[in-house]
Amino acid sequence: MSELQDENKLVALRREKLGKLRQTGVAFPNDFRRDALAAELRARYGDETAEALEETAVSVKLAGRLMGKRIMGKASFAHIQDMSGRIQIFLQRDGLAEGVYEEFKSWDIGDVIGVEGTVFRTKTGELSVKASNIRLLTKSLRPLPEKFHGLTDAETRYRQRYLDLLMNEESRRVFQLRSAIVRYIRDFLSERGFIEAETPMMQVIPGGARAKPFVTHHNALGLDLYLRIAPELYLKRLVVGGFEKVFEINRSFRNEGLSTRHNPEFTMIEFYQAYADYRDLMDLTETLMRGIAQNLLGGTVVTHQGKDYDLGRPFRRMTVLESIIHYNPDIRAEDLAERESAAAIAAGLGIPVAAGDGLGKIQTEIFEKTVEDRLDEPTFITAYPAEVSPLARRNDENPFITDRFEFFVGGRELANGFSELNDPEDQAERFRKQVEDKAAGDEEAMHYDADYIRALEYGLPPTAGEGIGIDRLVMFFTDSPSIRDVILFPHMRPES
RNA sequence: GGGCCGUUAGCUCAGUCGGUAGAGCAUUGCACUUUUAAUGCAGUGGUCAUUGGUUCGAAUCCAAUACGGCCCA
């Protein structure tokens with residue numbers, strides 16, 4: 001059976017129409033130029049009366065996709081949608097050149113058309129364009145989803161995002177807001193003197209995070225390479241090189257499962273500032289979060305999954321240990337201070353404790369299990385154990401912990417920052433510990449990065465750095481329950 | 001990786017106790033010069049995810065597989 005016969009009849013019919021277009025001229029013309037967008041017309045003429053519009057009779061050229069068609073004999077209404085939104089067009093047989101109206105009647109919903117006409121207001125008050133000329137610019141062969149219910153099937157929305165964007169205003173809003181958030185962050189840092197950098201995504205030694213990497217292969221070099229799990233170590237090399245304020249917004253890759261919070265490739269911003277510490281970055285983070293809300297959402301209150309979060313109030317700050325005790329009134333500080341008693345608490349919570357796990361690791365796991373998802377209000381958690389923070393600077397008073405924070409809101413970690421470890425000998429020691437862990441079977445443990453140590457030996461100025469998960473940040477600000485709703489093309493298993 | 005749920009027309013969805021497959025929208029034809037989920041009349045459209053099993057008979061019951069969703073790890 002040929003592909004054509006096999007095809008849906010709706011498609012076959014449209015393909016026939018395309019065949020006729022090919023015979024009569026250029027089937028896919030690209031000589032139409034528009035001079036207006038739907039939303040611009042609404043903004044400029046939305047408040048003008050029908051009489052005023054009729055008097056000025058403003059001429060416009062619009063282009064967009066035909067999204068609705070109402071034919072009433074010798075007159076028709078239709079809606080076209082462009083990147084700014086929709087607007088109605090009105091056509092009368094006698095207002096168009098000979099035969100054009102009949103052509104229009106044969107066009108299909110989904111076709112891309114160009115319209116010339118004048119702005120007016122209909123009897124029912126809708127701002128519209130009365131067409132004086134109309135052209136088919138791109139024939140659409142496949143029928144769009146239904147006009148009223150639209151496209152709701154999650155799988156189709158993710159696999160065929162173009163349909164989702166075409167049909168769902170909410171989806172357009174999410175990705176427009178995502179773009180605005182990224183731009184805001186870029187401007188925010190640029191205004192503060194940060195330089196934007198692009199560091200390798202293919203790395204010989206994957207570093208900067210605890211995660212399993214993807215492996216790829218370079219044929220000419222005969223070399224396995226890893227897709228980066230974080231840009232961190234390269235950005236700090238740039239600080240060594242004198243880029244004292246530097247940032248990067250781009251993809252990292254982690255070879256782990258998929259969920260509503262994890263996509264194998266995800267976008268992070270990391271930024272580093274010399275002569276600053278983790279407290280400076282907490283302040284900066286607070287300013288940034290508040291700024292996004294105020295500038296892009298119009299106020300400091302963010303609604304996420306049915307709850308309101310006021311980013312206008314100062315964010316709560318507490319240490320890992322304080323938070324454990326706060327959320328677990330039955331756990332005593334003394335019991336968290338010794339490995340043995342802490343391990344007993346962990347065991348009681350069903351957390352598996354390995355022989356090699358130190359007190360810091362155990363504390364962190366108790367924190368993750370009993371506190372993280374309850375950190376609803378915007379909160380900085382500080383004082384993470386050095387054991388779980390192999391790149392962070394130790395606290396001056398208490399070397400067991402680091403000068404580090406994570407930022408949580410809505411029960412999710414959005415950011416991780418710390419004063420950077422710039423002692424090359426301590427860093428080398430911690431890499432060696434990671435290598436031991438890796439040898440003992442910890443697949444997420446870090447590699448020893450000798451070049452990074454060499455860079456530190458030249459001297460990394462005292463620096464603070466931070467990473468923010470852009471996808472999760474966008475989830476929060478766009479009220480999206482799944483990371484797939486904020487990634488244009490989320491990872492899916494191949495079809496069939 | 002585990003548990004639960006889903007997959008029926010292009011889209012959104014019904015489908016009772018196992019008895020030859022339904023609606024709305026879209027689409028086709030006709031009518032209609034201010035409609036907006038246009039309207040009226042008449043049509044077309046199906047590998048019921050896939051494979052196997054049970055049965056006289058399977059969209060429906062059973063099993064496996066694929067893909068997806070939610071929850072858990």
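- Contacts of Arg86(A) with the nucleic acid, taken as non-hydrogen atoms under 4.0 Å apart, are absent.
- For the C1' atoms, the distance from A64(B) to C71(B) is 24 Å, rounded to whole Å.
- Within the structure, a side-chain polar atom (N or O) of Arg484(A) is placed less than 4.0 Å from OP1 or OP2 of G69(B).
- For Gln88(A) against U35(B), a side-chain N or O and a base N or O form a donor-acceptor pair under 3.5 Å.
- A distance of about 50 Å separates the C1' atoms of A31(B) and C70(B), rounded to the whole Å.
- Rounded to whole Å, the distance from NZ on Lys139(A) to P on U27(B) is 10 Å.
- Every residue meeting the side chain to side chain donor-acceptor pair (under 3.5 Å) condition with Arg33(A), not counting sequence neighbours, appears here in chain and number order: Asn30(A).
- Contacts of residues 348-373 of chain A with RNA chain B (heavy atom under 4.0 Å): none.
- Using cut-offs of 30° and 60° on the angle between ring planes, the pair Phe253(A) and Phe214(A) is perpendicular.
- Taking the six-membered ring where tryptophan is involved, the planes of Phe476(A) and Tyr309(A) are perpendicular, since the angle between them exceeds 60° and thus also 30°.
- The side-chain tip of Lys130(A) does not point at the ring of Phe90(A) from less than 6.0 angstrom away and within 45° of straight on.
- A heavy atom lying under 4.0 Å from RNA chain B marks the following residues of residues 76-83 of chain A, by number: Phe77(A), His79(A).
- If you measure from atom OH of Tyr158(A) to atom P of C67(B), you get 17 Å, rounded to the nearest angstrom.
- Considering only side-chain N and O atoms, Lys17(A) lies under 4.0 angstrom from the phosphate OP1 or OP2 of U28(B).
- With no hydrogens or angles considered, a side-chain donor-acceptor pair links His262(A) and Ser259(A) at under 3.5 Å.
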Could you walk me through whether Arg210(A) and Asp442(A) pass salt bridge (charged side-chain N to carboxylate O under 4.0 Å, His left out), step by step? CA-CA 10 Å; Arg210(A) 290 179 43 86; Asp442(A) 183 350; 3.1 Å; yes

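- With sequence neighbours left out, Glu116(A) forms a salt bridge (charged side-chain N to carboxylate O under 4.0 Å, His left out) with no residue at all.
- A salt bridge links Arg159(A) with Glu155(A): the distance from a Lys NZ or Arg NE/NH1/NH2 to an Asp or Glu carboxylate oxygen falls below 4.0 Å.
- Remark: the separation of the C1' atoms in G45(B) and U27(B) is 8 Å, to the nearest Å.
- U51(B) and U7(B): their C1' atoms are spaced 15 Å apart (whole Å).
- Nucleotides U20(B) and G6(B) place their C1' atoms 27 Å apart, quoted to the nearest Å.
- Distance, Lys105(A) NZ to U27(B) P: 14 Å, rounded to whole Å.
- If you check residues 61-74 of chain A against RNA chain B, the residues with a heavy atom closer than 4.0 Å are Arg70(A), Ile71(A), Met72(A), Gly73(A), Lys74(A), listed by number.
- Residues passing the side chain to side chain donor-acceptor pair (under 3.5 Å) test with Thr56(A): none are found, sequence neighbours excluded.
- With sequence neighbours left out, Arg251(A) forms a salt bridge (charged side-chain N to carboxylate O under 4.0 Å, His left out) with Glu265(A).
- Nucleotides A14(B) and A21(B) are separated by 11 Å at their C1' atoms, to the nearest Å.
- Using cut-offs of 30° and 60° for the angle between ring planes, the Tyr384(A) and Phe367(A) rings count as perpendicular.
- In Glu334(A), the CD atom is crowded: over 12 heavy atoms of neighbouring residues, nucleotides or ligands sit closer than 6.0 Å.
- For Arg157(A) and C67(B), the CZ to C1' distance is 17 Å, given to the nearest whole Å.
- Within the nucleic acid shown, Ser128(A) has no heavy atom closer than 4.0 Å to any nucleic acid atom.
- Met167(A) comes within 4.0 angstrom of nothing in the nucleic acid, heavy atoms only.
- Between Ile483(A) atom CD1 and C70(B) atom C1' there is a gap of 16 Å when expressed in whole angstrom units.
- Taking atom P on both nucleotides, C25(B) is separated from G40(B) by 8 Å, rounded to a whole Å.
- Both cation-pi conditions hold for Lys69(A) and Phe104(A): the charged atom is under 6.0 angstrom from the six-membered ring centre and inside a 45 degree cone around its axis.
- In this structure, Asp111(A) atom CG and U27(B) atom P are separated by 10 Å, rounded to whole Å.
- Note: CZ (Arg15(A)) to P (U28(B)) measures 16 Å, nearest angstrom.
- A straight line from NZ of Lys130(A) to P of U35(B) spans 14 Å, rounded to a whole angstrom.
- With P as the reference atom, C62(B) and C17(B) are 14 Å apart, rounded to whole Å.
- Residue pairs meeting the side chain to side chain donor-acceptor pair (under 3.5 Å) criterion with at least one partner in residues 162-176 of chain A, sequence neighbours excluded, are Arg157(A)-Asp164(A), Gln160(A)-Tyr162(A), Arg161(A)-Asp164(A), Asp164(A)-Asn168(A), Asp164(A)-Ser171(A), Glu169(A)-Arg172(A), Glu170(A)-Arg173(A).
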B/S/- along nucleotides 1-14 of chain B (protein heavy atoms under 4.0 Å) is ---------BBSS-

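- The side chain of Lys9(A) sits closest to G45(B) out of U28(B), G45(B), G68(B).
- A search for side chain to side chain donor-acceptor pair (under 3.5 Å) contacts involving Asp335(A) returns Arg332(A), not counting sequence neighbours.
- Listed by chain and residue number, nothing satisfies the side chain to side chain donor-acceptor pair (under 3.5 Å) test with Arg374(A) (two or more places apart in sequence, or in another chain).
- At least one donor-acceptor pair under 3.5 Å links the side chain of Asn8(A) to the backbone N or O of Leu10(A).
- Salt bridge status for Asp111(A) with Lys139(A): present, with a side-chain N to carboxylate O gap under 4.0 Å.
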With both pairing distances under 3.5 angstrom for Watson-Crick or G-U wobble, and | for a partner in another strand, the correct string for RNA chain B is (((((((..((((.....[..)))).(((((.......))))).....(((((..]....)))))))))))).

